[in-house]
K.L.:
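So that we are looking at the same thing, I have put the structure below in structure tokens.
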Amino acid sequence: MVATGHIAIVTGANHGIGAATAQVLAARGCAVLCTFLRVDDRDDPGTPQAYRDHRAQDAAAVIARIRDDGGTAAAVEADLSDPAAPALLFDAAEQRFGPVDILVNNVTGWLADTFAPTAADRLGRSLQPVTAATWTRQFTVDAMGAALMISEFATATSPGREPGAGSSA
């Protein structure tokens, strides 16, 4: 796969799959905007401390690895439960690198909740019952945030669109 000259946004790119995806895209020649949201997880004996630490960090280490390998990347912290965030992210990517033509929707608003009456999942992570608040928190990011990112991407890649003419312009 050749990706030289492309501009990508990868959400949830401060660790895990998002970080790995950003690094692979950069290694193939993409300029990558890595988005992240630092999450302060509560102590939980079933969740490794290293995982909680990764979720609490910014994307500086990912950006450093990409740049050390000769790639081009920047990071922006964004909360995709904010409906204004997608337009701001596309504007930031376009200002730094040019028009975005690759979107990787990796971020999630995942919470350890369940419909089952159990205190822990099969990995030993503490669970809480699903409530309107937990459902709203998760699906605001997973559904609305992803949909608004796709909508912004569709706008950004529309034929005849002038650079800088995103929905927030």
Side-chain angles (χ1 to χ4, degrees), residues 7-26 30 32-66 73-94 96 100-157 166-168:
I7 314 298
I9 294 177
V10 180
T11 65
N14 58 328
H15 70 105
I17 293 168
T21 302
Q23 290 171 43
V24 167
L25 287 169
C30 287
V32 182
L33 183 71
C34 298
T35 79
F36 66 94
L37 179 64
R38 289 176 275 209
V39 176
D40 186 21
D41 292 316
R42 60 185 165 84
D43 286 340
D44 182 345
T47 303
Q49 183 62 45
Y51 178 73
R52 292 195 309 269
D53 291 346
H54 289 303
R55 285 174 43 98
Q57 70 189 12
D58 61 20
V62 176
I63 300 305
R65 283 192 298 274
I66 289 171
V76 174
E77 185 164 14
D79 182 352
L80 288 178
S81 68
D82 177 354
L88 295 173
L89 291 172
F90 275 81
D91 288 347
E94 190 166 285
R96 285 176 174 88
V100 175
D101 59 349
I102 298 172
L103 171 62
V104 179
N105 262 334
N106 173 67
V107 74
T108 182
W110 179 80
L111 296 170
D113 61 358
T114 181
F115 295 106
T118 184
D121 67 10
R122 63 183 178 78
L123 300 175
R125 296 176 295 201
S126 298
L127 297 173
Q128 61 186 351
V130 171
T131 66
T134 62
W135 186 91
T136 299
R137 184 169 158 203
Q138 285 185 51
F139 282 89
T140 297
V141 173
D142 293 3
M144 183 197 74
L148 293 177
M149 289 295 290
I150 293 166
S151 177
E152 196 66 32
F153 182 72
T155 299
T157 58
S167 66
S168 67

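This structure is a prediction, so every number in the text was calculated from the model and none was measured.
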K.L.:
If I compare all heavy atoms of Thr134 with all of Gln128, which pair ends up nearest, and what's the gap?
P.N.:
CG2-NE2, 3.4 Å

K.L.:
Measuring from Asp101:CG to Ile9:CD1, what's the distance to the nearest 0.5 Å?
P.N.:
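If we round to the nearest 0.5 Å, Asp101:CG and Ile9:CD1 are 10.5 Å apart.
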
K.L.:
Shortest non-hydrogen contact from Phe153 to Val100?
P.N.:
CE1-O, 4.1 Å

K.L.:
Between CG of Leu25 and CG of Leu33, what distance do you get to the nearest 0.5 Å?
P.N.:
12.0 Å

K.L.:
What distance separates Thr157 OG1 from Phe90 CZ, expressed to the nearest 0.5 Å?
P.N.:
8.0 Å

K.L.:
Which heavy atom in Ile63 sits nearest to a heavy atom in Ala73, and how many Å separate them?
P.N.:
CD1-CB, 3.6 Å

K.L.:
Between CE of Met149 and CG of Asn106, what distance do you get to the nearest 0.5 Å?
P.N.:
11.0 Å

K.L.:
Can you tell which of Val10, Thr11, Leu37, Thr35 makes a side chain to side chain contact (heavy atoms under 4.5 Å, CB included) with Val107?
P.N.:
Thr11

K.L.:
Please give me the minimum heavy-atom distance between Pro86 and Gly145, naming the atom from each residue.
P.N.:
CG-O, 4.4 Å

K.L.:
Measure the CG-CZ distance between Asp91 and Arg96 for me, rounded to the nearest 0.5 Å.
P.N.:
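The CG atom of Asp91 sits 11.0 Å away from the CZ atom of Arg96.
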
K.L.:
Is the backbone N or O of Val62 less than 3.5 Å from a side-chain atom of Gln23, with the two atoms forming a donor-acceptor pair by type?
P.N.:
no

K.L.:
Looking only at heavy atoms, what is the nearest atom pair of Ala146 and Asn105, with distance?
P.N.:
O-ND2, 3.3 Å

K.L.:
State, with a plain yes or no, whether a side-chain heavy atom of Leu80 is found less than 4.5 Å away from one of Leu89.
P.N.:
yes

K.L.:
Indicate the atoms forming the closest heavy-atom contact of Ala26 with Val32, along with that distance.
P.N.:
N-CG2, 3.9 Å

K.L.:
Thr140: which residues meet the side-chain contact (heavy atoms from CB on, under 4.5 Å) condition with it, sequence neighbours left out?
P.N.:
Ser81, Thr136, Met144

K.L.:
I'd like to know whether Leu88 forms a side-chain contact (heavy atoms from CB on, under 4.5 Å) with Val76, so could you lay out the CA-CA distance, the side-chain angles of the two residues, the decisive distance to 0.1 Å, and finally the verdict.
P.N.:
CA-CA 10 Å; Leu88 295 173; Val76 174; over 6 Å; no

K.L.:
First locate atom CD1 of Ile102, then atom OG1 of Thr21, and finally report the distance between them rounded to the nearest 0.5 Å.
P.N.:
11.5 Å

